[in-house]
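Notes to accompany the following structure.
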Amino acid sequence: MNYTIESARNIFSNTQVADAVPATTAMFAKLNIDDKLAFLWYAYTELGRTITPAAPGKANLQLMEDIFNQIKRMSHEEQTQLMRDLATNADTPISRSYAYFGVNAKLGFWWQLGEWMKQGIVAPMPIGYQMSSEVKAVLEAVQKIDQSQQITVLRNTVVDMGFDPTQASTTEAEVINFTFPRTSQLPQFPIEGVTDPTVLKYIAAMNADNVEAAVALFANNGALQPPFQKPIVGREAITAYLRDEGQGLVMKPTKGISESIEDGYTQHKITGTVETPWFGGNVGMNIAWRFLLDPQGQIYFVAIDLLASPKELLNLVRK
Ligand code: EQ3
């Protein structure tokens with residue numbers, strides 16, 4: 001059998017992913033602009049309490065100093081307009097700069113604005129704001145899902161803000177990426193049921209923020225599929241993705257199964273938890289990695305899934 005990326009996506013196809021995340025994100029997308037900002041404020045005041053205060057890091061925030069100084073000099077009306085521009089993907093200078101922030105830089109940007117909103121430096125939510133029934137419905141939907149799904153919804157909304165660089169005539173700009181210093185080297189995590197060296201090396205490399213070592217494990221035309229996204233194909237694209245999104249994660253795989261399939265290929269499903277530097281040990285996301293390795297033991301495909309429930313951590317059926 002000759003695998004294609006498309007057919008590889010179907011390995012262990014009975015894995016149940018957290019469909020509530022795209023469903024809730026779609027509900028959010030339908031809100032009007034002020035309702036969107038209000039939703040984010042309420043969601044953040046609930047969830048933000050569990051953000052690890054050290055997460056954004058002074059050195060990282062320095063990368064955005066110019067923009068922060070501009071924002072501090074603005075009137076409250078201008079600041080509110082800026083937030084609206086970002087949420088409507090408007091074409092303004094700050095909205096364009098934001099487009100070239102990596103995911104963690106985008107989160108850090110809003111984290112700083114949120115802190116300043118609390119302190120009154122940035123325009124707060126208007127006093128007497130009345131929640132619309134639409135916002136209430138999205139908040140209720142978010143309250144029903146578990147914390148790891150809630151933070152994923154929050155993250156998705158922030159990532160989609162700012163000017164869309166693909167609409168610009170000039171596309172070349174340096175992406176601002178955050179790095180998160182590790183306080184100590186993480187131990188190796190034994191995976192009950194899996195001893196494949198490629199899989200173990202992948203986890204160890206990611207836990208050491210060694211993107212080069214992780215990417216070297218992929219086949220030239222290999223692919224990585226993040227939660228709720230299409231596969232990212234080829235070493236160069238995977239490197240850029242992991243430099244942006246893979247930093248500072250703590251991966252704690254626990255169990256898995258390995259199986260030889262046709263023509264020397266092997267498939268492996270591993271489950272466990274992943275922590276983001278933003279929430280540290282406060283939120284353990286239930287994750288599955290579905291690997292397809294080629295006959296040379298290189299990663300032809302790996303999907304990372306956010307699981308529907310903790311029960312799914314035990315779903316290691318060979319399919
Ligand atoms: C200021 C305020 C409150 C109001 C204003 O009106 C609007 C906004 C936007 C506001 C601010 C909102 C803020 C500060 C939101 C912050 C949200 C945060 C910090 C969310 C963080 C979420 C992080 C997540 C969900 C990370 C998940 C990572 C995963 C699952 C990574 C998995 C991977 C694995 C396991 C691999 O093997 C490699 C690939 C990959 C990276 C996919």
Side-chain angles (χ1 to χ4, degrees), residues 17-18 21 28 33-53 55-56 71 79-80 82-84 86-87 98 102-118 122-126 129 147-162 178 199 202-207 209 211 214-215 217-218 223-229 231-232 238 241-253 270-280 282-291 299 302-307:
V17 302
V21 169
F28 168 86
I33 174 62
D34 286 344
D35 281 354
K36 274 187 181 163
L37 294 175
F39 165 83
L40 288 164
W41 177 252
Y42 288 114
Y44 178 70
T45 46
E46 283 295 308
L47 284 166
R49 272 185 266 129
T50 42
I51 291 190
T52 322
I71 295 174
Q79 290 168 340
T80 304
L82 164 94
M83 294 195 252
R84 287 201 178 123
L86 287 165
Y98 181 92
V103 167
N104 287 307
K106 287 179 172 155
L107 294 169
F109 173 86
W110 283 107
W111 174 84
Q112 182 63 84
L113 260 53
E115 290 299 295
W116 283 342
M117 281 173 82
K118 283 189 232 157
V122 165
M125 280 294 294
Y129 166 83
Q147 251 195 335
S148 62
Q149 300 178 30
Q150 292 176 338
I151 65 169
T152 309
V153 172
L154 207 54
R155 176 186 171 281
N156 288 351
T157 59
V158 168
V159 171
D160 289 342
M161 288 186 189
F178 272 23
V199 171
Y202 171 85
I203 301 290
M206 291 302 296
N207 276 339
D209 290 323
V211 169
V215 172
L217 300 166
F218 281 78
L224 178 146
Q225 177 178 292
F228 314 110
Q229 288 184 44
I232 296 164
I238 297 171
Y241 175 81
L242 290 179
R243 288 232 163 92
D244 179 13
E245 308 229 11
Q247 298 282 345
L249 296 169
V250 176
M251 305 193 182
K252 297 179 172 169
I270 292 98
T271 58
T273 55
V274 172
E275 294 164 10
T276 128
W278 291 99
F279 294 89
N282 292 333
V283 183
M285 293 178 274
N286 299 318
I287 295 285
W289 291 263
R290 295 180 285 123
F291 285 93
I299 304 173
V302 58
I304 293 99
D305 303 314
L306 180 66
L307 297 173

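As the structure lists them, so they are numbered: ligands from 1, and atoms in each ligand from 1.
- A search for side-chain contact (heavy atoms from CB on, under 4.5 Å) contacts involving Ala204 returns Gln188, not counting sequence neighbours.
- Qualifying ring pair (Phe, Tyr, Trp, His ring centres under 6.0 Å) partners for Tyr44, counting only residues two or more places apart in sequence or in other chains: none.
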Exercise answer: donor-acceptor pairs, residues 36-43 side-chain atoms, under 3.5 Å, sequence neighbours excluded:
none

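- With a 4.5 Å cut-off on side-chain heavy atoms, Phe109 and Ile71 count as touching.
- With respect to Trp278, the side chain to side chain donor-acceptor pair (under 3.5 Å) criterion is satisfied by exactly one of Thr50, Thr52, Asn104: Asn104.
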Could you pull out every N or O of ligand 1 that sits under 3.5 Å from a protein N or O, with the distance for each pair?
unit_1, atom_1, unit_2, atom_2, d
ligand 1, 37 (O), Tyr202, OH, 2.6
ligand 1, 37 (O), Trp289, NE1, 3.0

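- Between atom CD1 of residue Ile287 and atom NZ of residue Lys252 there is a gap of 13.5 Å, rounded to the nearest 0.5 Å.
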